[in-house]
> 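Structure provided below as structure tokens; questions to follow.
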Amino acid sequence: GTPSGVATIVVRGAADGKGNPLAPDSTGTFTVDAVRPTIVNRSPDDQQEDVAAGSGTAIVVGFSEPLDEATVVDANFALRLGGVLAPVSAIYDSAAQLVTIAPSEGLLPGSEYTVEVSSALADLAGNRTQKSDSWTFRTRVPQLLSMTPVSGSTEVLVDDGRIEAVFDPPIRRQALQAPGAVEVLREGQQIELREAPLFDEENLTLRFEPTEGLRPGSRYKVSLSGL
């Protein structure tokens with residue numbers, strides 16, 4: 001193909017319809033751009049672990065040159081959780097040559113994602129990327145930071161029956177709907193909860209309460225599974 005750079009075109013020996021020659025020779029220059037745009041950086045990086053989960057995390061892709069904004073559309077970017085497509089929106093910063101891929105539902109903790117960038121992206125001269133690109137990263141697994149009442153406590157006040165568990169990163173809300181996700185046992189027997197456990201994403205706190213409250217002189221065990 002034609003290499004990139006400044007090209008010169010010279011027209012000689014041309015004549016009009018009556019045979020009058022073109023004088024002098026006509027010369028013109030133009031710039032040829034034959035370089036394809038490439039990805040020069042990405043975040044999260046390929047095979048990166050412990051990526052923050054939640055709604056505040058996005059994927060950012062940097063390109064070697066400005067892109068044709070008409071090609072920076074949602075359909076040219078994909079995010080897969082396993083084999084399932086997660087809806088995303090693509091936002092282009094032409095000054096920084098960055099595309100931000102924002103997952104509509106955020107990133108789930110403890111999950112492996114694959115990012116796919118289409119070969120339909122093109123630069124301002126119409127050169128498309130050499131091929132599609134993809135990479136994989138994994139979000140952090142939620143860790144239990146603290147419990148209230150504290151595990152092993154023997155002098156817990158029974159006036160407030162609420163139980164709290166603080167996590168980082170956030171747990172998956174969907175996981176709370178699974179049977180046995182949150183259980184409270186009194187003296188080895190499971191007891192009912194007053195309402196479905198609620199997770200506060202702002203404070204990263206899971207809250208729940210036994211229907212019967214806390215009874216004096218009783219031993220309780222809290223079981224959290226699959227969160």
Side-chain angles (χ1 to χ4, degrees), residues 43-60 78-89 91 100-115 135-227:
S43 177
D45 207 347
D46 187 28
Q47 301 302 318
Q48 184 172 338
E49 302 278 350
D50 288 342
V51 175
S55 58
T57 302
I59 298 98
V60 181
L79 181 65
R80 295 185 184 275
L81 174 58
V84 180
L85 276 174
V88 297
S89 58
I91 304 170
T100 299
I101 307 169
S104 302
E105 300 174 357
L107 297 177
L108 298 178
S111 302
E112 184 173 278
Y113 286 91
T114 298
V115 184
W135 65 96
T136 301
F137 65 88
R138 189 172 182 83
T139 54
R140 289 203 304 265
V141 176
Q143 301 293 320
L144 178 61
L145 301 183
S146 64
M147 286 281 298
T148 304
V150 176
S151 178
S153 298
T154 58
E155 298 181 359
V156 176
L157 298 177
V158 298
D159 297 340
D160 187 355
R162 289 179 299 178
I163 301 172
E164 296 183 346
V166 179
F167 291 86
D168 185 34
I171 62 176
R172 296 182 297 156
R173 289 182 179 272
Q174 298 91 326
L176 292 174
Q177 301 172 6
V182 179
E183 294 182 348
V184 178
L185 292 82
R186 178 173 55 80
E187 305 297 349
Q189 299 295 316
Q190 185 176 348
I191 58 177
E192 292 186 358
L193 300 181
R194 188 178 303 279
E195 58 185 5
L198 298 176
F199 184 69
D200 183 343
E201 282 203 22
E202 182 176 350
N203 297 313
L204 304 179
T205 302
L206 176 65
R207 296 185 176 91
F208 48 98
E209 181 179 357
T211 301
E212 61 183 32
L214 299 178
R215 294 184 180 181
S218 297
R219 179 182 295 274
Y220 289 88
K221 178 181 179 180
V222 176
S223 174
L224 305 176
S225 177
L227 304 183

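Since this is a predicted model, take the numbers as computed values, not measurements.
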> Just checking Arg194: does its CZ atom have more than 12 heavy atoms from other residues, nucleotides or ligands closer to it than 6.0 angstrom?
yes
> Does the Thr57 side chain pair with the main chain of Ala52, one donor and one acceptor, at a distance under 3.5 Å?
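Yes, the answer is positive, given that a donor and an acceptor are paired below the 3.5 Å cut-off.
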> So, the side chain of Thr211 versus the backbone of Leu193: is there a donor-acceptor pair under 3.5 Å, distance only?
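Checked: pair present.
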> What's the separation between atom CD in Gln48 and atom OG in Ser43, rounded to the nearest 0.5 Å?
6.0 Å
> Would you give the length of the straight line joining atom CD1 of Ile59 to atom OG1 of Thr100, rounded to the nearest 0.5 angstrom?
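Taking CD1 in Ile59 and OG1 in Thr100, the distance rounds to 9.5 Å.
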> I need the minimum non-hydrogen distance between Ala58 and Pro103, along with the two atoms involved.
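Looking at all heavy atoms of both residues, the shortest contact is CA-CD, 4.2 Å.
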> To the nearest 0.5 Å, what is the distance between CZ (Arg207) and CD1 (Ile163)?
13.0 Å
> Using side-chain contact (heavy atoms from CB on, under 4.5 Å), reason through Thr136 and Gln47 one step at a time and then give a plain yes or no.
CA-CA 5 Å; Thr136 301; Gln47 301 302 318; 4.0 Å; yes
> About how many Å separate CG of Asp160 and CD of Glu209, when rounded to the nearest 0.5 Å?
6.5 Å
> Once side chain to side chain contact (heavy atoms under 4.5 Å, CB included) is applied, do any residues pair with Pro170, and if so which ones, sequence neighbours excluded?
Phe199, Leu204
> Are there more than 12 heavy atoms of other residues, nucleotides or ligands under 6.0 Å from atom CD of Gln189?
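No, not enclosed.
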> Can you give the donor-acceptor pairs under 3.5 Å from side chains of residues 213-227 to other protein atoms, not counting sequence neighbours?
residue : atom : partner : partner atom : Å
Arg215  : NH2  : Glu212  : OE1          : 3.4
Tyr220  : OH   : Arg215  : N            : 2.7

> To the nearest 0.5 Å, what is the distance between CD (Glu183) and CD (Glu192)?
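If I round to the nearest 0.5 Å, the distance is 12.5 Å.
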> Side-chain donor-acceptor pairs under 3.5 Å in residues 137-145, sequence neighbours left out?
residue : atom : partner : partner atom : Å
Arg138  : NH2  : Gly110  : O            : 3.3
Thr139  : OG1  : Leu108  : O            : 2.5
Thr139  : OG1  : Gly110  : N            : 3.0
Thr139  : OG1  : Ser111  : N            : 2.8
Thr139  : OG1  : Ser111  : O            : 3.2
Gln143  : NE2  : Val141  : O            : 3.4

> Could you grab the distance from atom CD of Glu195 to atom CZ of Phe208, nearest 0.5 Å is fine?
12.0 Å
